[in-house]
Amino acid sequence: MRNGAIMAAADVVLVVWDGQSRGTLDAARKAAKLGKRVEWLGPHAPSAAPVPGGLGL
């Protein structure tokens, strides 16, 4: 719920993901579903495929 509230209040979301953290990925998914601008810092963003590491959108 906290991630959803933070993402709803954000204008732009900067994501630094280690490829494993579920919390960071959850926040990025929520931001994308809300139509927020999501910028990935570091490694490329995961695919949109519905797999454990993908965004699943």
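Computed from a predicted structure; not experimentally measured.
- Annotation: side chain to side chain contact (heavy atoms under 4.5 Å, CB included) contacts of A31 (sequence neighbours excluded): M7, V13, K36, V38.
- Just one of K30, R29, R22 meets the side chain to side chain donor-acceptor pair (under 3.5 Å) condition when paired with D26; it is K30.
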Can T24 and V15 be said to form a side-chain contact (heavy atoms from CB on, under 4.5 Å), step by step? CA-CA 7 Å; T24 301; V15 180; 3.8 Å; yes
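- Residue L14 holds its CG atom at 8.0 Å from CZ of R37, rounded to the nearest 0.5 Å.
- For I6, the side chain to side chain contact (heavy atoms under 4.5 Å, CB included) criterion is met by R2, not counting sequence neighbours.
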